Structure formats: C-alpha cells, structure tokens
Trainee: 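Once you've had a glance at the structure underneath, I'll fire off some questions.
Below, chain A is the first sequence line, B the second, and so on; all start at residue 1. Worth knowing before you read on, the calculation uses all heavy atoms, side chains too, and leaves out hydrogens, waters and symmetry mates. Since the structure is predicted, the reported quantities are computational estimates derived from the model, not experimental observations.
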Number of protein chains: 2
Amino acid sequence: MARIVAERADIVPKLGEIFREHGFEGASLALIGQKTGLGKSSLYHFFPGGKEEMAAAVLADIDAWFEANVYRPLREADDPRRAIADMRRSVVDYFRSGRRVCLVGAFALDNVRDRFALEIRNYFVAWTQALGASLERAGHDRQIAHQRAEEAVANIQGALVLSRALGDPSVFERALARIEAQLLA
Amino acid sequence: MARIVAERADIVPKLGEIFREHGFEGASLALIGQKTGLGKSSLYHFFPGGKEEMAAAVLADIDAWFEANVYRPLREADDPRRAIADMRRSVVDYFRSGRRVCLVGAFALDNVRDRFALEIRNYFVAWTQALGASLERAGHDRQIAHQRAEEAVANIQGALVLSRALGDPSVFERALARIEAQLLA
DNA sequence: GTCTATATGGAGATAGAC
DNA sequence: GTCTATCTCCATATAGAC
C-alpha cells in the first residue's frame, strides 16, 4: 500500500496548499519543488502539462472533495436542515475558520480566471444547486431556494475575503453562524 | 492646466485598471507600458520604487476615492438611511455591477497580501466603521451596528467573487439590493 | 521515477543620451 | 520626461544519464 515513492495522489493536496498560500503565479516550480520535496523532473513526470496541469489537478481534487463532503450530503440527506448544519461545520473546518483561502474564489479574482473559467464556474454552480436542492426539500419555493442558496454561497466567499483581510478568523466563524441561521430561518 | 506630458495623477487610475484586470504579478512592466503608452523609463521616473510603488499609489488613490465618496457621506450625511441607499448606488456604479473587481479584495486573497497588509486592512476597517456609524445614527445599538456593517461589507465582497465567477452581473446587483434592504431593515 | 545540467524566454530594473 | 540599449535574475520547461 504505502510506498516510499511519490504518487500523484500524494502530491495534489500539497500542491493545493501551495497554490492557496502563494497563488498560481507566486507558486514557482522552485517553491513547489522545495515544499513537495520533489525535483522539477519528477514534477514534470507527474504533470507533463506543467503548472497548469497541476492547478487543474488541484481543482479536480477540490471538486471531488466538495462533491463527497458537501454537495452530495446536501442533495441526499434525509433531513435537509440537518444537512445544512453539517455543511456549516464542514465548511468552517475545511477553511480552517477562514485561515485557509478558497482557491477557487481566489482564482476567480486572479489573472488565471480565464484559464480555469469552467472549473471556477462549476464549483459555484454545483454548490448553489446542491444547497438549493436542500432548501427546496426543506419546504421552500424553488425560486426562493435558489436565491437563498446563491446568497449563502456568495456570503461564504465574502466572509473568507474579509476575515483574511482583517486577519481575524472570528469574522469567518460569526459570518458562518449567521449564514446558517439565515438558511434555516 | 491640461498638459500633454504625463503626470502621476493621470497614470494611477490606468494602473488601477491594469492591476484589476491582470492582478499584481500578471501586470508586467511590458503590459503596463503598452496600456499606459509610457516607456519603462517614464514609469520608473514617476515610480522609482517600481511596481510596488505603483500598486501602493493605486491603493492610496482607491482609499481617497472611498473616503470622499463612501466613508465621509456615510459618517456625515444628515439622513443615515439615505446615505446607505447612496452607498449602494455608488458601489454598484464603482464596481460596474460586478464586472469590475475589487482590487483590495483581490489583493487580500493574493500572494501580495503581506506586502499591502496594512492598506488592505485599513480599507475594510474604514468601510466597516463608516457604515457602522451610519447604522448607529439610524438608531441601532453600537454592537449591532458594527455587526451589521461588517456583514454587509463582507457580503459585498462575496457578491463580487460570485458574480465574477459566474460571469453574471445580475448576481451582483441582486446581492446589493438585498444588502441594502438588510441594512435598512 | 529521480537526478544534474541546461535551454530559452521574459521578468524587473537601470544607464546614459537627448 | 522619454528614448534605446542593456543588465541580471529567475521563471518554465526539457534532455539525457542513471
């Protein structure tokens, strides 16, 4: 099972952290090599497409994580209100109370936005639709459910921006408490 | 008055647009030279500190604009509720219904965040305090006013992220209508 | 799969003439 | 204040041995 040699699957999460901390352009191959402990040759062995392929792999990894841990629970849970409360916990945890940046949100504001426009779009569409489905099953009108979901997803991003700008994780936690309350109201 | 030769004051707004569109690292000196019509020498004549000084000048310019057009009206207007409605209009206009990125928010998520940590922080603190002052004068408890202001400022950033990610300005406009309604409620 | 060495381009920045 | 020419450095990416 566990091998000494590197595998793509081991590297991708590390790449994610590096991109989160330094951004796409700020994550030089030298830095990536340093942080992953891999030489450039190894990196190109795993990702022949270079940095762009690395970022794409990270985005796919993020998508898979949210699909399994956020979207699907929202869509399929027996109790939609409980699923929303679970979402809050997952999200606060995932973003480390706002200390961790949302890579997709950061990409959306960044120079790379055009290169990953589809992935960025899909992330937010999927989240909004899954949350909308939960709200609908919780008894809301379809239109209202979608509106509220969109609002919540946007507000989470806003909380990430502000809490990072102020260097204050409590901003994020308070915001997520409010967002959950609004969703459950 | 109006001279042919370039002045710092003429260049800074252009720099702002370039940084908004391409990010700090994506705005190469070659690109800046191209878009401003100035050679590198001229740019270094105006900004001996290079790109960092350019970005600092842009942030100072943004701060001055918000101070004059947003913060001061919020603090000093006779009718605080009217000031909040004016803020919404100013903000929708300024961000071109979400088509224009908030440079400060983008910097907050970017690699350059540490270099401009103070300016980024001040932007959001000033906005939150000015809006909080308006809400207080509108009759809210000090604590509540601050909370609501922080929430609104964060939500505006979230609206910018989402509307850009979806490529849909209507997301931004709807969000700002909601935000205004929540502030005036 | 990982190493060392290297190609090549573009980045930020500067010098000095005009 | 703006030009042309140039410096230096580091970026991404590749080649080929092991």
Trainee: Send over the distance from Asp10(B) CG to dG1(D) P, rounded to a whole Å.
Mentor: 12 Å
Trainee: In whole angstrom, what separates Glu53(A)'s CD from dT12(D)'s P?
Mentor: 15 Å
Trainee: Whole angstroms only, please: what is the CG-P distance between Leu43(B) and dG12(C)?
Mentor: 11 Å
Trainee: Round to the nearest Å and state the distance from Leu29(A) atom CG to dA11(D) atom P.
Mentor: 9 Å
Trainee: Working note: Arg89(A) + Asp86(A), criterion salt bridge (Lys or Arg N to Asp or Glu O under 4.0 Å); need CA distance, chi angles, decisive distance, verdict.
Mentor: CA-CA 5 Å; Arg89(A) 272 185 291 274; Asp86(A) 286 343; 2.9 Å; yes
Trainee: Can you give me the N/O atom pairs linking the protein to nucleotides 14-18 of chain C at distances under 3.5 Å, or say none if there are none?
Mentor:
residue : atom : partner  : partner atom : Å
dA15(C) : N6   : Ser41(B) : OG           : 3.1

Trainee: Between dA11(D), dT2(D), dA11(C), which nucleotide has the shortest distance from any of its atoms to the side chain of Leu38(B)?
Mentor: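 It is dT2(D).
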Trainee: Using a cut-off of 6.0 Å, state whether more than 12 heavy atoms not belonging to Asp78(A) lie near its atom CG.
Mentor: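 Count not over threshold, so no.
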Trainee: Are Glu17(B) and Arg100(B) ion-paired here, with the side-chain N under 4.0 Å from a carboxylate O?
Mentor: yes
Trainee: Can you sort out which residues in residues 112-119 of chain A have a heavy atom within less than 4.0 Å of DNA chain C? Ascending by number, please.
Mentor: none
Trainee: For the pair Arg75(B) (side chain) and Ala133(B) (backbone), establish whether a donor and an acceptor sit closer than 3.5 Å, ignoring hydrogens and angles.
Mentor: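 Side chain of Arg75(B) to backbone of Ala133(B): no pair is present.
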Trainee: Determine which pairs satisfy ring pair (Phe, Tyr, Trp, His ring centres under 6.0 Å) with at least one residue from residues 9-39 of chain A, sequence neighbours left out, and list them in order.
Mentor: Phe19(A)-Phe24(A)
Trainee: Apply side chain to side chain donor-acceptor pair (under 3.5 Å) to Glu173(A) and Ser97(A), showing your working.
Mentor: CA-CA 6 Å; Glu173(A) 298 195 348; Ser97(A) 301; 2.5 Å; yes
Trainee: Would the distance check show the side chain of Ser42(A) and the main-chain N or O of Leu38(A) forming a donor-acceptor pair, the cut-off being under 3.5 Å?
Mentor: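 Checked: no pair found.
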Trainee: Measure CD/Gln34(B) against P/dA11(C) and give the value in whole Å, please.
Mentor: 11 Å
Trainee: Can a donor-acceptor pair be found, under 3.5 Å and without considering hydrogens, that links the side chain of Arg81(A) to the backbone of Leu135(A)?
Mentor: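 Side chain of Arg81(A) to backbone of Leu135(A): no pair is present.
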Trainee: Return the orientation label for the Tyr123(B) and Phe66(B) ring planes: parallel under 30°, perpendicular over 60°, tilted otherwise.
Mentor: perpendicular
Trainee: Check the distance between dT12(D)'s P and Phe46(A)'s CZ and give it to me in whole angstrom.
Mentor: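 Taking CZ of Phe46(A) and P of dT12(D), I get 19 Å after rounding.
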Trainee: Starting at atom CD of Glu25(A), determine the distance to atom C1' of dA11(D), rounded to an integer number of angstrom.
Mentor: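 Distance check: Glu25(A) CD to dA11(D) C1' gives 11 Å.
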Trainee: Please report, rounded to the nearest Å, how far the P atom of dG1(C) is from the CD atom of Glu7(A).
Mentor: 9 Å
